[in-house]
Amino acid sequence: MTHNCEPSRMKSYLEQQIRAALSVLEGAPDDFDTAAVAVEFQTPNNLDHGDLATNVAMQLARPLRRAPRQIAEALVEALTLDPKRIEGVEIAGPGFINFRFSNAYLADGVAHILEEGEAFGRTNEGAGKTAIVEYVSANPTGPLTVGHGRNAVLGDTIANLLEWTGYDVTREYYFNDAGRQMRVLGESVRARVEGLVNPDGPTKTLEDGTVVPESFPDDAYRGEYIETIAESVLAGHGANVLAQEDLTVFKEAAETAIFADIKATLARIDIRMDEFFNERSVYDSDAVWDVVKKLREKDLIYDKDGAVWFATGKLGKKKTDEHGEHEVDTVLVKSTGEPTYRLPDIAYHMDKLARGFDKIVDVFGADHIATYPDVLRGVEALGGDISKIDVVIYQFVTLVRGGQPVKMSTRKANFVTLDELMDEVTPDVTRFFFLMRSPNSHLEFDLDLAKEAGEKNPVFYLQYAHARICSIIRKAGEVGLTLETEPDLSLLDNESEVVLMKELLRLPEVIAQSADVKEPHKVATYLREVATAFSQFYRDSHIIGADSEALGLARLHLAKAAQLVLHNGLAVLGISAPERM
RNA sequence: GCGCUCGUAGCUCAGCUGGAUAGAGCGGCGGUCUUCUAAACCGCAGGUCGCAGGUUCGAGUCCUGCCGGGCGCGCCA
């Protein structure tokens, strides 16, 4: 059985018919090319305007030199439409052509949802293609913060979205355990061990009032977790670890402990990475030096002041200051011989391209906004196809408690960790709150609202609707209404039934669009509309005690379809769909 | 100063990439449980879409200039 029920299918069907009508349109100039006309559809926000509308007639007004409404009339005249799909066509407003879906089409759609089940919502644009999503990518210098949380949940959900559109997705975490940060981390641990071994040793007081051993570096990591690691190093190696100057023991202990914590934190929000890519591997393979060599061959590298410069200015990087506009170049290798992070980053992206991914997504915080273009310039200069690379930039998170923003500073260790957040709110709530806003919108995370396990909390609204349907299906079974019986879905025709059916059918399109623009909040927004439509259906259309058993059965199946849509939508967001609440 | 980004109801935000009378949640006011989960539903109030120009049949959406918030602007990542 085939169903032409998805709105995307409907759009291509209508487009076909409209093009056919265009080709027989009379009075068109000889050079008029119907193939060049963009036939676009929109879903009107007013129900009186039908289910789909097109503005072709308005678009054609100028080239055809005729009034839009006149063109619309001629088009509708020439149009032949299957009454089993479209029950009405109207011309309205300045020249819109509005189409109204037939009930048979909607009933067909519900049958399709039930048939697809937990696969409903999947599309195949990405079928046979691979994608890699890089996210989290925090260096192992401390616990994940709330800021990392938004990155993690956003990246993970974008990965889900791509999977639902057919891609084979790799989730990758990029990190480096070599640079200055790690050295400072090692020194921080060492200083804490010293403090433990020699509690009466010389100390100093930092500007924020904490008392630390004198050897504690000024830019050290101050979180409590450093002390915990120091304790375990001391327990494992004894006091004579301090005899050696080498920081390796401290660094490795810290890295191991911190990575274990990070993975555990991610697992709490159901995130499991496929790959951990260590920056070191692009050094081990000499890929970084290969990048420098190739750029030099292209005359995009020069040496100045002992450093190696990438001529990004030639590639369009500009800056305007009081001296006017001038080109800006970028250091790839510092005069110390140590590369800046950009060089391995270019090599890393070349590596991802070489691994053959069709789509490469990077999830970065707003602080990277000015720097990732350097990486793309490098990749492009090396002949990499940067059209495959999508960079998702998200704005920062503000935690709000009691109506006041919670002050956070990573350097002073008074940040809120993702674990601490999840000690207060559930993983489902955490994920939803991070996802409910557009990535390029500032996220205000209201802890009081998130903790509210009740009516105000938007997550529960969706889960409640789902649980309620499950409950109805159980209860209906007790009176002999079951999903095993074949329903007559054409009986579904009251307003709230029709509204619900139309809403449910949008899922594949919403997921596909959300995946395309990498904005998961569109799914969250949509699910709220589904839950609202279901609640109205619940109010108007009783299943048990319906006017006839056949009607009750048809409604039961519609409820099941709504349950599937909520279940699948929540699955995309990585949020559970409870059967009871 | 420059770049990116945001500015929509009292608050937090959507607005399908240029369409028809700009929406939701929360908060406020009022109503609905002897029938499938009231964690729900219904109604009312609330707007110069930051300001000013421009582009066109049509602008919250696009272009320019201001104003205000955020993030960047390093031989840090």
Side-chain angles (χ1 to χ4, degrees), chain A residues 40-46 48-49 53 55 58-59 61-62 67-68 92-96 98 137 139 141 176 179-181 304-309 318-322 325 328 330-342 345 365-371 373 393 395-396 398 400 403 436-438 440-444 446 449 452-461 463-465 467-476 478-479 481 506 509-510 513-514 517 521-522 524-526 528-529 531-532 534-536 538-546 552 555-556 559 580-581:
Chain A
E40 284 163 359
F41 295 95
Q42 56 162 319
T43 309
N45 32 27
N46 185 335
D48 295 337
H49 296 146
N55 61 357
M58 282 133 83
Q59 305 258 3
R62 184 184 285 268
F96 288 105
N98 297 335
S137 295
N139 286 339
T141 56
N176 105 62
R180 198 188 70 91
Q181 283 184 44
K304 191 180 88 183
D305 305 331
V308 178
W309 292 74
K318 289 188 175 65
K319 188 182 170 153
T320 314
D321 57 21
E322 60 270 24
E325 191 179 75
V328 176
T330 312
V331 170
L332 284 188
V333 185
K334 298 184 249 179
S335 54
T336 59
E338 205 174 359
T340 64
Y341 79 99
R342 286 166 231 255
D345 227 16
D367 52 342
H368 282 71
I369 198 113
T371 58
I393 296 283
Q395 300 297 317
F396 286 144
T398 313
V400 174
M436 67 184 181
R437 304 298 181 215
S438 157
N440 51 17
S441 176
H442 217 99
L443 178 69
E444 187 156 307
D446 187 331
L449 178 61
E452 191 116 17
E455 47 198 294
K456 288 182 220 156
N457 194 314
V459 193
F460 291 118
Y461 182 75
Q463 294 183 320
Y464 178 73
R468 198 183 224 180
I469 299 172
C470 293
S471 166
I472 293 168
I473 293 173
R474 285 192 298 268
K475 278 257 166 59
E478 291 168 15
V479 296
L481 285 173
R506 291 177 53 214
E509 196 180 41
V510 170
Q513 205 222 346
S514 187
V517 296
H521 75 282
K522 288 178 190 293
T525 305
Y526 163 73
R528 163 162 279 283
E529 286 161 12
T532 299
F534 174 76
S535 292
Q536 290 159 350
Y538 171 82
R539 178 196 63 207
D540 296 341
S541 302
H542 279 221
I543 290 168
I544 298 166
R555 287 173 175 169
L556 176 70
R580 292 168 203 274
M581 282 178 76

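Just so it is clear, the model here is predicted, and its values are computed rather than measured. In what follows, chains carry the letters A, B, and so on, assigned in the order in which the sequence lines appear, proteins first and then strands, with residues in each chain numbered from 1.
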Touch class at under 4.0 angstrom, heavy-atom based, for A:Thr525 against every strand present:
sugar-phosphate

Looking at B:rC16, I'd like to know if its phosphate oxygens (OP1 or OP2) sit under 4.0 Å from a side-chain N or O belonging to A:Tyr526.
no

Does the ring of A:Phe96 meet both stacking tests against the six-membered base ring of B:rA20: centre distance under 5.5 Å and plane angle under 30°?
yes

Distance between C1' atoms of B:rG27 and B:rC67 (Å, rounded)
29 Å

B:rC41 P sits how many Å from A:His542 NE2, rounded?
14 Å

Between A:Arg580 (CZ) and B:rC36 (C1'), how many Å, whole number?
14 Å

Gap between atoms CD and C1', on A:Glu529 and B:rA24 respectively (whole Å):
8 Å

Nearest to the side chain of A:His521 - B:rG15, B:rG25, B:rU5?
B:rG15

Can you list the residues that meet the side-chain contact (heavy atoms from CB on, under 4.5 Å) rule with A:Phe96, with sequence neighbours excluded?
A:Gln42, A:Asn55, A:Met58, A:Pro94, A:Asn98

When you check every protein heavy atom under 4.0 Å of nucleotides 71-77 of chain B, what one-letter string (B, S, -) results, 5' to 3'?
SSS-BSB

Taking only the C1' atom of each, what is the distance from B:rA20 to B:rG60 in whole angstrom?
15 Å

What is the distance from CG of A:Asn45 to P of B:rU17, rounded to the nearest Å?
12 Å

Between B:rG25, B:rU37, B:rA20, which one does the side chain of A:Ala53 approach most closely?
B:rA20

Protein proximity profile, nucleotides 57-63 of chain B - base contact B, sugar-phosphate-only contact S, no contact -, cut-off 4.0 Å on heavy atoms:
S------

Give one of base, sugar-phosphate or nothing for A:Ser541, where a contact means two heavy atoms less than 4.0 Å apart.
base

Describe the nucleic acid contact of A:Val517 in one word from base, sugar-phosphate, nothing, applying a heavy-atom distance below 4.0 Å.
base

Tell me: CD of A:Gln536 to P of B:rA24, nearest whole Å?
11 Å

Nearest-nucleotide wise, let me know which of A:Asp540 and A:Thr532 is further upstream toward the 5' end of RNA chain B.
A:Asp540

Please state how far atom CG in A:Leu449 lies from atom C1' in B:rA39, giving the value in whole angstrom units.
13 Å

A:Arg468 near the nucleic acid: base, sugar-phosphate alone, or nothing, with a heavy-atom cut-off under 4.0 Å?
base

Going by the rule side-chain contact (heavy atoms from CB on, under 4.5 Å), which residues pair with A:Ala524 if we only count those two or more places apart in sequence or in a different chain?
A:Phe432, A:Leu573

Any N/O pairs under 3.5 Å between the protein and nucleotides 29-32 of chain B? List them or say none.
none

To the nearest angstrom, the CD-C1' distance between A:Glu40 and B:rC16 comes to 12 Å

What is the separation between atom CD on A:Glu444 and atom P on B:rC26, rounded to the nearest whole Å?
17 Å

Please classify the nucleic acid contact of A:Ala92 as base, sugar-phosphate, or nothing, using heavy-atom distances under 4.0 Å.
base

Where each pair must be Watson-Crick or G-U wobble with both distances under 3.5 Å, what dot-bracket representation of RNA chain B is obtained, with crossing pairs in [ ] and other-strand partners as |?
(((((((..((((.....[...)))).(((((.......))))).....(((((..]....))))))))))))....

Minimum-distance pair of heavy atoms, taken over all atoms of A:Ala366 and A:Ile393
CA-CG2, 3.8 Å

Heavy-atom closest contact (A:Ala559 atom, A:Ile469 atom, distance):
O-CG2, 3.3 Å

Would you please classify the geometry between the A:Phe534 ring and the A:Tyr538 ring as parallel, tilted or perpendicular, with 30° and 60° separating the classes?
tilted

Is it true that a side-chain atom of A:Arg437 and a backbone atom of A:His442 form a donor plus acceptor pair closer than 3.5 Å?
no

Using a 4.0 Å heavy-atom cut-off across all strands, classify A:Asn98 as base, sugar-phosphate, or nothing.
base

